[in-house]
S.K.: 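After the structure tokens below, expect a handful of questions from me.
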Amino acid sequence: MTEQPHLFGADYSVYVRIARLCLIEKGVGYHLTPIDVFAEGGPPADYLARHPFGRIPAFEHGGFSLYETGAITRYIDETFEGPKLQPLDAEHRARCNQFISIADNYAYPQLVWGVYAERVSKPDRGVTTDKEKLATSLANARTCLAAMSDLMGDGPWLVGEKLTLADIYAAPMFDYFLMAPEGSELIQHYAKLNAWWLRMAARPSMAATRPF
Ligand SMILES: N[C@@H](CCC(=O)N[C@@H](CS)C(=O)NCC(=O)O)C(=O)O
């Protein structure tokens, strides 16, 4: 039996959750070592040896160390038994990678930092919302949802008939975004995406990793 991998990070983190969802959906047991990047003074100094950019997650498996969630999740998918989370044919694989890139570059900054952080997290902490940033992020979030909805086919998942890394990437970002009333209102305009979200949110892996 292969050695269980180690993941380093916090349960509130979107990217740590992506890696955990990937492990759970593959059926891989893992150890999670808590690292709080937002702790006063930052993460423990020795964590920078694992991740020189001071982000979470970091990963280790049998002496092989890795950081960057895209590399970690693809490694997990390709190393362990279990359902394949990346399509095998070139078109679907490219579409899956396109969704991942959209999640990294547009959804994460706009849906999570622009909408969730400004609309939900800041007020909860008694911090004033940057209204201009929120308005811009909501407009960008609309572009994001429209693009994702346009790219979806007619299958149940973002890329066709099977759950892929595309779904695993997008879901934790949507979970935060939909906590904002404007987010849960906006998704109603995209029927396919809304149905996808309800399907995704019902998976046991999502319940097992929900941070709130
Ligand atoms: N490109 C990194 C992004 C990871 C990332 O941004 N993680 C967030 C938590 S969700 C983080 O560590 N933030 C700390 C910071 O921004 O200082 C990856 O794919 O792993």
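Just so we're clear, the structure is a prediction, and the values are computed from it rather than from any experiment. Ligands are counted one by one from 1 in listed order, and the atoms in each one are counted from 1 as well.
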S.K.: Just need the protein heavy atom nearest to atom 10 (S) of ligand 1, so name the residue and atom and give the distance.
M.R.: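 Answer for atom 10 (S) of ligand 1: Ser13 OG, 3.0 Å.
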
S.K.: Give yes or no for whether the N/O distance cutoff of 3.5 Å, strictly under, is met between Ile56 and ligand 1.
M.R.: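 Yes; at least one N/O pair falls below 3.5 Å.
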
S.K.: Hey, does Arg55 come in under 3.5 Å of ligand 1, counting only N/O atoms on both sides?
M.R.: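 For ligand 1, there is an N or O atom that lies under 3.5 Å from one belonging to Arg55.
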
S.K.: Sequence neighbours left out, what pairs pass side-chain hydrogen bond (donor to acceptor under 3.5 Å, both in side chains) with at least one residue falling in residues 15-41?
M.R.: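 Checked against side-chain hydrogen bond (donor to acceptor under 3.5 Å, both in side chains) - neighbours excluded - the pairs reaching residues 15-41 are Gln4-His31, Tyr12-Asp36, Tyr15-Asp104, Arg17-Asp175, Arg17-Thr209, Arg20-Tyr30, Glu25-Arg203, Glu25-Ser205, Lys26-Asp77.
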
S.K.: Quick one: does Tyr67 get a heavy atom under 4.0 Å from ligand 1?
M.R.: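 Heavy atoms of Tyr67 never come under 4.0 Å of ligand 1.
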
S.K.: For atom CD of Glu78, is the number of surrounding heavy atoms from other residues, nucleotides or ligands below 6.0 Å larger than 12?
M.R.: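 Counting other residues, nucleotides and ligands, CD of Glu78 exceeds 12 neighbours.
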
S.K.: Anything under 30° is parallel, anything over 60° is perpendicular, the rest tilted; go ahead and classify Tyr75 against Phe59.
M.R.: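 Ring orientation, 0 to 90° scale: perpendicular.
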
S.K.: Could you list all the salt bridge (Lys or Arg N to Asp or Glu O under 4.0 Å) pairs where at least one residue sits in residues 177-198, not counting sequence neighbours?
M.R.: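 Pairs touching residues 177-198 that pass the test: Arg119-Glu182.
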
S.K.: Would you say Tyr169 has any N or O atom under 3.5 Å from an N or O of ligand 1, going by distance alone?
M.R.: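 Not met; the criterion fails.
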
S.K.: If the cut-off is 4.0 Å to any non-hydrogen atom of Val14, which atoms of ligand 1 fall inside it?
M.R.: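 Matching atoms, with element in brackets: 10 (S).
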
S.K.: Quick one: sort the Trp196 and Phe174 rings into parallel, tilted or perpendicular, breaks at 30° and 60°.
M.R.: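 Geometry flag for Phe174 against Trp196: perpendicular rings.
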
S.K.: Determine whether any heavy atom of Tyr12 lies closer than 4.0 Å to an atom of ligand 1.
M.R.: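 So Tyr12 does not count as touching ligand 1.
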
S.K.: Taking 4.0 angstrom as the limit and counting only heavy atoms of Glu68, give me the atoms of ligand 1 inside it, by number and element.
M.R.: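 In order of number, 1 (N), 2 (C), 18 (C), 19 (O), 20 (O).
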
S.K.: Please determine whether the number of non-hydrogen atoms from other residues, nucleotides or ligands lying under 6.0 Å from atom CZ of Phe212 exceeds 12.
M.R.: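 Atom CZ in Phe212 is packed in, count exceeds 12.
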
